[in-house]
Number of protein chains: 2
Amino acid sequence: MKSRITLKKIAREFGVSISTVSKALKDSHEISEETRGKIKAFADYYNYKPNNLALQLRNQKTSVIGVIVPEIVHHFFSTVINGIEKYATEKGYNVMVCLSNESYEKEVSNMGVLTNGSVDGLIVSIARETQQNQNYKHFEAIINDDFPLVLFDRINDDIECDKVIIDDVGGAFKATNHLIEIGSKRIALLTTQDFITVGSLRKNGYIKSLNKNKISVDESLIYKIDDKESLYDQIKKAINVSNPPDAILAVNEIYAAIALKIAKESGLKIPEDIAIIGFTSGLISEYTDPPLTCVEQHGFLMGKQVAELLINRIESTAPSEFQKVVISPNLKIRRSTLDN
Amino acid sequence: MKSRITLKKIAREFGVSISTVSKALKDSHEISEETRGKIKAFADYYNYKPNNLALQLRNQKTSVIGVIVPEIVHHFFSTVINGIEKYATEKGYNVMVCLSNESYEKEVSNMGVLTNGSVDGLIVSIARETQQNQNYKHFEAIINDDFPLVLFDRINDDIECDKVIIDDVGGAFKATNHLIEIGSKRIALLTTQDFITVGSLRKNGYIKSLNKNKISVDESLIYKIDDKESLYDQIKKAINVSNPPDAILAVNEIYAAIALKIAKESGLKIPEDIAIIGFTSGLISEYTDPPLTCVEQHGFLMGKQVAELLINRIESTAPSEFQKVVISPNLKIRRSTLDN
DNA sequence: CAACTAAACTCTAACGTTTGAGTAAAAAAG
DNA sequence: CTTTTTTACTCAAACGTTAGAGTTTAGTTG
């Protein structure tokens, strides 16, 4: 790669000092019309652009936001990133995306790299392994430095920073209420293992709705799916039983789509024999047959919120209280719970 | 944000010079055991980490790869990014993702920002608007500087750099051959407008297969879908006709899923009355009923390839010929083309 | 005891930029 | 013709780091 033209090279070309060139390019009145003109023409011709690193170092400001997410091939996360990028660009920031790949170690190393001057602030959704280990030392380190940080979706309440979450309890509550309204009595829950916070929150919403509707919680209807084994086999066990449930609430889209598939294969009619609701993150729910009713998570809005909180934190000088923004999901009713 | 500790501050603390500190932390024999010890302990206590910007400026190397894609909420692109990130991390690089949002202007500005020192190399998939305008000046600029650049998927042959593409012609050829083999005679093509290169390449593959199988090309069976209008209405016009096609090849997953939905609504049996194949990028095809046969694009592999080419280019000193890597897609046969 | 060597530092330049302070020469003012 | 002002510059420091060259002091050698 050819090295780019710098102020120094232009200065040498005209036998002037570097600061003369810098000022000339900034149209400073300190430099004569004539000198300004020739320097600008030359710089233009050689396509001079100030070096970002040098500017960032001098200004102690990168105008870059770091984002660390567990995965990127995931509709919800990529939608959030899209929202972050949109808001960040409007405000003159670039976005640097890193993946933790659900690994504690990668999360730590990514945070280490990004916080050493590369970015002005950080947005993180915590890796599964970190949530499992409950090891948040790497967060404490940057919190102590008052490094701008916003957590979203996969958060931890002990970390003192701005946060944005979906109202998972409310979403599951709404969904369960809807199932009860359409007459379901035995609602199975397909959830994740307990350490996944969103999974357990959604379970709480499910239980809250049952309680409110005076339906006793039947633990045998709650299935904790392990993502490392065959989803298909595990979900089959929830449906192919002697006394199958009359409704299913799945904490994500894939579980719901698989449940739908299995139910159909078992000859069950949807929603007559079994109604199904999932939490959406993608487009699958729209194209299944029947299309799936789902809890919509508003990832784009979430991204904008997250970016807004972070940029405010970066740009404000006065310290202010940390905020926790809760985004209410809404229920998108489709034919998997409603005949038309 | 509290300012981080620097060599200068440590130097001041012990009344030594900055270089003493720098060397002490690097365990240089030039510094006495005693001084080294206390400096290292102090640095450790205050969690000293060298500032990246300063290192990058000094070393003229950022170890960051820039990626510019048209969208991120898109299974194919996010999968490619995943592959890039995987390989880049292995090689000690970070990834900075920017979105062109299909806009020429954003592509130009993103490239401008990233190439001014922020990254060591750039990976781009060209925005729709840029392909439409045929304006590639911004690429020429960085090509002239020998700035490391790799294009993927949405490429332009006039830009001299490394490239990675899917064999779109071959994929569509395979898919069309398969349809003909199962007895389809009137195969409709749901494609994009001509300026989208992948769309027109897939059309070429379709035509190539018809020619090879001695089926005349019926232009009235080729539908150029405009992404800005209602996909549903446009695709309906391809199916709800007096003499409907007996097969559909769609150049992406959404078109295929919508076609499937419309065909079912119209009372057509799949695949008996109408067989359907799409190019996949996501998970939809797996969960439709029947599941869709599709051309699989290997985005992750593509990402690794792209990153490998770029990092080789960055790290090699000797100039070498530009490569064009072609990845062969494969046909995943599901029930939308085959009874079971 | 002069000359040399080793130890343990410091200095300086470099990466590329900005900006306030300093300076020399020319022009204007008194 | 001296003083002041203006013009058009250059200098120096700063951001944080590294690495080779230079310096000081003490100890060793012949």
Side-chain angles (χ1 to χ4, degrees), chain A residues 1-40 42-43 46-64 113-120 145, chain B residues 1-40 43 46-64 112-120 145:
Chain A
M1 184 182 132
K2 285 174 204 157
S3 69
R4 291 206 153 220
I5 192 151
T6 63
L7 293 182
K8 198 189 219 178
K9 287 182 197 158
I10 302 178
R12 207 180 296 143
E13 178 73 22
F14 291 103
V16 297
S17 77
I18 292 173
S19 33
T20 301
V21 178
S22 173
K23 286 172 179 169
L25 293 175
K26 291 203 135 45
D27 255 329
S28 163
H29 62 275
E30 289 181 58
I31 310 300
S32 71
E33 196 85 44
E34 191 197 340
T35 312
R36 253 188 283 168
K38 65 187 185 189
I39 287 178
K40 282 166 76 178
F42 186 86
Y46 284 100
N47 194 25
Y48 170 79
K49 295 269 170 53
N51 179 293
N52 276 331
L53 289 179
L55 285 179
Q56 291 172 4
L57 183 60
R58 167 161 233 280
N59 300 333
Q60 295 290 87
K61 162 117 189 139
T62 62
S63 293
V64 176
V113 174
L114 293 186
T115 54
N116 288 333
S118 298
V119 302
D120 291 342
D145 287 349
Chain B
M1 182 182 133
K2 285 174 205 158
S3 67
R4 289 203 155 225
I5 192 150
T6 62
L7 294 183
K8 198 191 221 177
K9 286 181 197 158
I10 302 179
R12 207 180 296 142
E13 178 73 22
F14 291 102
V16 296
S17 77
I18 293 172
S19 33
T20 300
V21 179
S22 172
K23 287 171 179 170
L25 294 175
K26 291 201 137 46
D27 254 328
S28 163
H29 63 274
E30 289 180 58
I31 310 300
S32 71
E33 196 86 44
E34 191 199 341
T35 311
R36 254 189 282 168
K38 65 186 186 190
I39 287 180
K40 282 165 77 176
Y46 284 102
N47 194 25
Y48 171 79
K49 296 269 170 53
N51 179 293
N52 276 331
L53 289 179
L55 285 179
Q56 292 173 4
L57 183 59
R58 168 159 232 280
N59 300 333
Q60 296 289 88
K61 161 115 186 137
T62 63
S63 292
V64 177
V113 174
L114 294 186
T115 54
N116 288 333
S118 298
V119 302
D120 290 342
D145 286 349

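Residue numbers begin at 1 in each chain, while the letters A, B, ... track the order of the sequences. Below, all heavy atoms of this structure are taken into account, side chains as well, without hydrogens, waters or symmetry copies.
Straight-line distance from the CG atom of A:Leu55 to the C1' atom of D:dA14: 14 Å, rounded to whole Å. Look at CD on A:Glu30: it is 15 Å from C1' on C:dA24, rounded to the nearest Å. Per the geometry, CD1 belonging to A:Ile10 stands 12 Å off P belonging to C:dG16, to the nearest Å. Between B:Lys8 atom NZ and D:dA13 atom P there is a gap of 11 Å when expressed in whole angstrom units. As a whole-Å value, the separation of B:Leu57 CG from C:dT18 C1' is 13 Å. Following rounding to the nearest Å, A:Asn59 (CG) and C:dG16 (P) show an atom-to-atom distance of 16 Å. B:Arg58 places its CZ atom 9 Å from the P atom of D:dG20, with the value rounded to the nearest Å. Distance, A:Ile39 CD1 to D:dA8 P: 13 Å, rounded to whole Å.
Heavy atoms of B:Ser32 sit under 4.0 angstrom from primed sugar atoms or phosphate atoms, though from no base atom. When heavy atoms are screened at a 4.0 angstrom cut-off, B:Gln60 is found touching the sugar-phosphate backbone but no base atom. Residue A:Phe14 is out of contact with every strand shown, counting any heavy-atom pair closer than 4.0 Å. Contacts of A:Lys26 with the nucleic acid, taken as non-hydrogen atoms under 4.0 Å apart, involve only primed sugar atoms and P, OP1 or OP2. Using a 4.0 Å heavy-atom criterion, one finds that B:Leu53 contacts no nucleic acid atom at all.
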- Could you go through the side-chain contact (heavy atoms from CB on, under 4.5 Å) check for A:Asn51 and A:Thr6 one step at a time? CA-CA 8 Å; A:Asn51 179 293; A:Thr6 63; over 6 Å; no
- Task: Applying side-chain contact (heavy atoms from CB on, under 4.5 Å), run through B:Asp27 and B:Lys40 and close with a yes or a no.
- Result: CA-CA 9 Å; B:Asp27 254 328; B:Lys40 282 165 77 176; 2.9 Å; yes
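Between D:dG16, C:dT17, C:dT10, one nucleotide has an atom nearer to the side chain of A:Asn51 than all others, and that is C:dT17. Here the nucleotide nearest the side chain of B:Tyr48, chosen from C:dT17, C:dT10, D:dT17, is D:dT17.
Counting distance only, with no hydrogens placed and no angle test, the side-chain atoms of B:Lys23 and the base atoms of D:dG20 include a donor-acceptor pair under 3.5 Å. For B:Lys9 against D:dG16, a side-chain-to-base donor-acceptor contact under 3.5 Å is absent.
The side chain of B:Ser19 places no N or O atom within less than 4.0 Å of a non-bridging phosphate oxygen (OP1 or OP2) of C:dC9. Look at A:Ser22 and you'll find a side-chain N or O under 4.0 angstrom from OP1 or OP2 of C:dT18. Distances shorter than 4.0 Å separate none of the side-chain N or O atoms of A:Thr6 from OP1 or OP2 on C:dC15.
Counting heavy atoms from C-beta on, the side chains of B:Lys49 and B:Asn47 come closer than 4.5 Å.
The residue among B:Thr35 and B:Ala54 whose nearest nucleotide of DNA chain C lies closer to the 5′ end is B:Thr35. Both B:Glu33 and A:Ser3 sit near DNA chain C, but only B:Glu33 has its closest nucleotide nearer the 5' end.
Rounding to the nearest 0.5 angstrom, the gap separating the CD atom in A:Gln56 from the CG atom in B:Asn116 is 10.5 Å.
What you find for B:Asp120 and B:Lys61 is that their closest heavy atoms are OD2-NZ, 3.3 Å.
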